[in-house]
Number of protein chains: 2
Amino acid sequence: MLQLHLAIWLGGFLLAGTSAAEQKDNPMKFGMVIHGGAGTIERREMTPENEAAHRAGLEQSLKAGYDILQRGGSSLDAVEAAIRVLEDNPLFNAGKGAVFTHEGTNELDASIMDGKTLNAGAVADLQHIRNPISLARLVMEKSPHVMLVGAGAEAFARKMGMQFVDQKYFYTDERWQSLQKEKAKSSPVPVSDKDRHGTVGAVALDKAGNLAAGTSTGGTTNKQFGRVGDSPIIGAGTYANNRTCAVSCTGDGEYFIRSVVAYDISAMMEYKGMPVQAAAQAALDKALKLGGTGGLIAIDKEGHFAMPFNTSGMYRGKVGPDGKVTVEIYK
Amino acid sequence: MLQLHLAIWLGGFLLAGTSAAEQKDNPMKFGMVIHGGAGTIERREMTPENEAAHRAGLEQSLKAGYDILQRGGSSLDAVEAAIRVLEDNPLFNAGKGAVFTHEGTNELDASIMDGKTLNAGAVADLQHIRNPISLARLVMEKSPHVMLVGAGAEAFARKMGMQFVDQKYFYTDERWQSLQKEKAKSSPVPVSDKDRHGTVGAVALDKAGNLAAGTSTGGTTNKQFGRVGDSPIIGAGTYANNRTCAVSCTGDGEYFIRSVVAYDISAMMEYKGMPVQAAAQAALDKALKLGGTGGLIAIDKEGHFAMPFNTSGMYRGKVGPDGKVTVEIYK
């Protein structure tokens with residue numbers, strides 16, 4: 001099933017028949033791939049309205065990124081803009097739609113990386129930041145650090161004049177009900193992965209040939225407070241390097257951390273000469289072999305991309321130089 | 001200078017003339033390498049008493065690890081025991097001797113990884129835990145998570161019955177004076193790296209052929225509170241995999257995160273077939289090329305090891321099957 005799916009999605013933004021060498025001379029190649037989380041997404045459980053709303057959210061995100069890329073903006077700007085749209089959308093588990101911890105709080109994590117400079121920024125355990133991805137970028141650009149967590153991260157945000165919101169901002173009835181359901185279960189591990197995998201992410205290649213990646217999440221429903229998954233871990237949930245690729249992951253973060261998934265794709269491309277699709281699949285397989293579920297998106301320096309996942313669905317989409325937005329949900 | 005130094009330190013616990021194939025049939029091979037931080041360590045600034053105290057601390061740590069390995073204990077137990085000794089020693093920037101944040105608090109980070117199972121545990125932003133490395137191990141073994149930070153991590157520690165200490169426990173006059181000196185400077189970046197690089201770490205190979213790695217730190221003097229460096233980041237500051245090697249890093253954490261140093265060594269060994277020494281040097285060089293300073297220790301599945309660093313000194317030591325403890329400080 002997964003292979004069939006991949007056969008459809010593999011490829012790139014290149015026109016058929018265009019060789020890599022020709023592409024290298026084409027300054028117009030650029031594109032973006034996004035995800036809104038992988039998990040149990042069954043057609044039969046999705047109302048037409050709900051599905052349309054998710055599709056519209058993904059399209060809006062892709063358009064925000066495309067607008068920037070199309071006019072010659074940076075992949076970094078495109079990634080941040082696309083993720084902000086998803087963070088502001090209550091349907092996705094990041095920003096506004098973040099899931100609840102066991103204690104009923106919301107704790108948000110995000111990271112971003114610039115493939116040109118290998119600069120990176122990451123934040124975790126935020127409680128009052130509307131757009132964690134933008135704080136991650138400020139950490140990257142305006143602090144001497146890569147990662148800030150908790151109250152220290154929010155103190156830095158305040159110094160930067162970022163928008164603060166009350167915890168109430170993150171309340172959505174659906175996520176609250178999910179927490180109640182999880183807490184009512186005897187098992188501490190969520191049975192459904194619906195609310196575990198809502199992480200959002202974006203990877204982009206801009207006209208200048210620069211790659212960038214970003215990831216943002218509310219974590220997992222019913223998580224122990226203070227838990228940090230792979231999303232804010234550079235090398236695990238997010239990685240970008242102009243020499244190889246840009247990657248954003250979604251899934252059981254613990255397995256993705258232990259497998260260093262995002263950097264593993266880059267390493268297999270750099271050290272073994274593997275194409276992005278094969279490297280993405282191999283890295284994901286290794287993480288999943290440890291026991292997790294999830295997916296990822298990756299794009300290489302020539303616009304080839306991959307979106308493998310081993311769940312029943314992954315909210316995902318892409319846009320290339322022609323501006324045509326494509327969105328998919330199911331396998 | 002570094003090359004000369006490496007020529008002395010490279011090699012392994014193997015006897016000269018023993019081939020790798022013969023070693024594979026020798027169930028007695030085992031060993032441990034530790035570090036107590038890399039930085040500006042000048043002979044002329046070190047009193048004989050101070051140097052002797054550092055050497056004694058490193059020897060005590062190695063002996064704690066060796067005792068476990070020698071009687072057939074696990075590399076994981078040895079790594080934890082060796083690091084606890086360094087955490088309890090006020091001379092090293094971890095546990096008791098942790099440096100101060102800009103706000104005058106102490107925030108401790110640690111991580112540990114089991115090369116056999118790829119299980120991992122990490123903690124960051126701790127304020128009241130005497131032995132962060134042991135909490136990292138509990139996160140690995142007793143929680144469904146890999147990484148816990150801040151109050152959430154301490155709540156988990158309380159549930160596990162861990163020893164709590166008051167912040168006063170971490171007060172040492174030397175570290176407090178370092179903070180005052182840093183705060184008096186106009187530059188926000190410490191001029192000396194003496195108090196930046198005190199991180200401690202251990203890597204071990206046990207008689208069963210299992211690798212493990214661990215790292216523990218108080219971070220950097222005068223750091224923004226909430227700052228997390230590479231020490232608790234699996235893949236950056238710590239990594240272990242029985243297929244390749246076990247690694248612990250010390251240095252400018254931000255550069256080590258961006259370079260995913262620890263996993264990069266494993267990747268170069270696995271994907272390019274590089275020996276641990278060459279891979280360790282190459283990974284460190286990449287991180288340092290971005291602008292940082294520091295060092296690392298690595299050991300492979302056959303007992304070969306490397307301890308490259310680009311500072312004037314790195315507290316370090318090793319012990320092999322013969323129980324002979326060797327400790328070095330300067331280049």
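Lettering of chains follows the sequences in order, A, B, ..., and the numbering in each one begins at 1. Quick caveat: nothing in here was measured; it's all calculated off a predicted structure.
Residue contact with chain B, scored on non-hydrogen atoms closer than 4.5 Å, involves the side chain of A/I233 exclusively. If you measure heavy-atom distances from A/D230 to chain B, you find no contacts under 4.5 Å at all. A/Y255 does not touch chain B: none of its heavy atoms, backbone or side chain, sits under 4.5 Å away. Contact of B/N241 with chain A is not made at all, since no heavy-atom distance falls under 4.5 Å. With a threshold of 4.5 angstrom between heavy atoms, B/M268 approaches chain A through its backbone and through its side chain. Proximity to chain A involves both the backbone and the side chain of B/I257, based on heavy atoms less than 4.5 angstrom apart. Proximity to chain B involves both the backbone and the side chain of A/A267, based on heavy atoms less than 4.5 angstrom apart. For a residue to count as touching a neighbouring chain, one of its non-hydrogen atoms must lie under 4.5 Å from one of that chain's; by this rule A/D264 touches chain B with backbone and side chain alike. With a 4.5 Å cut-off on non-hydrogen atoms, B/L290 touches chain A through its side chain but not through its backbone.
A donor-acceptor pair is defined here as one N or O able to donate and one able to accept, closer than 3.5 Å; such a pair exists between the side chain of A/R258 and the backbone of B/T117.
Judged as a salt bridge (Lys or Arg N to Asp or Glu O under 4.0 Å), the pairs with a partner in residues 237-248 of chain B (not counting sequence neighbours) are, in order, B/R243-B/E270.
Between chain A and the options B/T101, B/I234, B/V228, heavy-atom pairs under 4.5 Å are most frequent for B/V228. Of the listed residues (B/M113, B/E103, B/H145), the greatest number of heavy-atom pairs within a distance under 4.5 Å of chain A belongs to B/H145. For the options B/M274, B/E254, B/E154, heavy-atom pairs under 4.5 Å to chain A are most numerous at B/E254. Across B/A155, B/G226, B/G150, the residue that shares the most heavy-atom pairs under 4.5 angstrom with chain A is B/G226.
Rounded to the nearest 0.5 Å, atoms CD (A/Q224) and NZ (B/K159) are 5.0 Å apart. Once rounded to the nearest 0.5 Å, the distance linking NZ of A/K223 with CG of B/L148 reads 10.5 Å.
Using cut-offs of 30° and 60° for the angle between ring planes, the B/Y271 and A/Y271 rings count as tilted.
The number of heavy-atom neighbours closer than 6.0 Å to NZ of B/K286, taken from other residues, nucleotides and ligands shown, is above 12.
For residues 120-141 of chain B, a heavy-atom distance under 4.5 Å to chain A picks out B/A120, B/D125, given by residue number.
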